Protein chains: 2
Amino acid sequence: MGNVNDKPGAVRTGRRPGPSSTRDEILRAARRRFAEGGYDRATFRSIANDAGVDPALVVQFFGSKQDLFAAATATPVTLAELSAQAAEDASGGPGLRLASLLMMWLEDEGARQALLGRVRSAASEPAAADVVREMIGAQLTEFAGLMDGDRPDVRASLLATQFLGVVFARFVVGVEPLASMDGKEIASWLGPTFDLYLSGPLDDSS
Amino acid sequence: MGNVNDKPGAVRTGRRPGPSSTRDEILRAARRRFAEGGYDRATFRSIANDAGVDPALVVQFFGSKQDLFAAATATPVTLAELSAQAAEDASGGPGLRLASLLMMWLEDEGARQALLGRVRSAASEPAAADVVREMIGAQLTEFAGLMDGDRPDVRASLLATQFLGVVFARFVVGVEPLASMDGKEIASWLGPTFDLYLSGPLDDSS
């Protein structure tokens with residue numbers, strides 16, 4: 001998603017001036033490093049190098065690696081917001097609409113990198129897993145607050161884990177057919193599952 | 001799952017003798033290291049040290065790290081076998097039975113470590129992701145072969161990714177409520193989803 005303040009037709013050539021653009025540049029570099037190599041390999045040095053700044057500046061801006069990780073992989077949109085948006089749309093079922101929004105959101109490189117950065121880093125580094133647990137916990141609580149059925153906490157977390165599993169298979173491992181299917185087609189298969197989680201009878205034991 | 005050749009009532013005290021037990025000891029140590037720290041941190045040295053052998057012996061037995069990884073995280077039971085077992089059982093729906101078998105299978109420490117080793121290693125190391133892609137691809141093809149509906153390949157992969165997402169949330173990130181729920185309770189919530197994937201109408205767009 002481009003910068004909305006860019007002039008129409010302006011060609012973006014490298015770094016923009018000003019202190020906030022340096023911060024953004026570091027965040028972009030960090031997001032890419034966390035997404036591609038995971039926590040251990042995303043060193044202050046490699047991130048600073050990608051951003052064209054001194055490693056000391058990265059430390060000055062963000063303090064600890066854990067804080068840099070949290071800032072770089074924060075996502076601008078929450079599950080609850082997407083779900084509210086899906087509920088307003090009149091076409092198709094709510095599950096299909098939410099699945100479509102999520103798959104569409106993944107097409108944005110920054111969003112995908114933030115998510116992959118979280119997955120790869122949580123998988124190998126407990127400090128990163130702590131950050132991710134807090135981020136996801138907050139999102140799930142908010143998302144569950146929108147649901148009516150019994151055990152909204154379980155429903156919200158199962159929907160999120162189905163999405164996470166697809167992301168892992170599609171982008172981390174590259175499992176077929178999920179790796180090469182069209183995002184829209186995956187969304188159409190996820191729709192009925194999401195409807196089940198959003199409002200269907202779930203617990204077989206009750 | 002214990003060794004079926006153990007005498008009933010025999011107490012297993014540490015290492016068993018013979019060359020095959022050294023190999024097993026290395027595999028157990030490797031499985032634990034891959035599960036706990038991921039690919040990068042599971043060094044030949046640390047694995048050899050845990051197994052009480054020389055690092056050169058690990059190399060002699062397994063050659064490359066990729067081969068050691070494949071051997072250590074191979075799982076003795078496949079999705080297709082569990083699914084066939086679930087189909088024979090007469091209690092509950094097939095989805096619930098398969099979910100129960102999978103959650104029960106996770107209670108075994110070796111099985112859980114093999115799976116976590118795959119997840120953590122694939123997330124941070126492309127060479128490990130290649131191994132995992134092959135392993136999962138073979139399992140999914142076999143599993144899909146048991147299904148009747150349209151697009152069994154998509155159904156098999158979505159069921160597997162839902163399970164993987166739960167494993168990731170429960171054991172890697174520790175997301176609530178999945179982290180502390182009873183395995184049987186999680187299975188009862190997964191049952192209807194698995195039924196949908198095994199035999200329900202899925203694709204919303206068709």
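Naming: A, B, ... by sequence-line order, numbering from 1 per chain. Computed from a predicted structure; not experimentally measured. Just so it is clear, the values below take in all heavy atoms, side chains as well, and ignore hydrogens, waters and symmetry mates.
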If one checks every heavy atom of B/Arg170 against chain A at 4.5 Å, the contacting part turns out to be neither
Tightest non-hydrogen contact, residues B/Ala122 and A/Val172, listed as O-CG1, 3.5 Å
With no hydrogens and no angle check, just 3.5 Å: does a side-chain donor-acceptor pair link B/Tyr197 and A/Thr193? yes
What residue, out of B/Arg133, B/Arg120, B/Gln162, B/Glu134, has the most heavy-atom pairs lying under 4.5 Å from chain A? B/Gln162
So which of B/Leu178, B/Thr141, B/Val167, B/Leu116 has the biggest tally of heavy-atom pairs under 4.5 Å with chain A? B/Leu178
Does any heavy atom of chain A fall under 4.5 Å from the side chain of B/Asp153, the backbone, both, or neither of them? both
In short, A/Gly165 meets B/Leu164 closest at the heavy-atom pair O-CD2, 4.1 Å
Using non-hydrogen atoms and a 4.5 Å limit, figure out which bit of A/Arg41 sits close to chain B: side chain, backbone, both or neither. side chain
Max heavy-atom pairs within cutoff under 4.5 Å with chain A, candidates B/Ala129, B/Ser124, B/Gly38, goes to B/Ser124
Of all the heavy-atom pairs spanning B/Phe168 and A/Val119, show the shortest one and how long it is. CZ-O, 3.5 Å
Out of curiosity, A/Trp189 CH2 to B/Leu196 CG, how far, rounded to the nearest 0.5 Å? 10.0 Å
Heavy-atom pairs under 4.5 Å with chain A, option from B/Glu125, B/Glu36, B/Glu176, B/Lys184 with the top count: B/Glu125
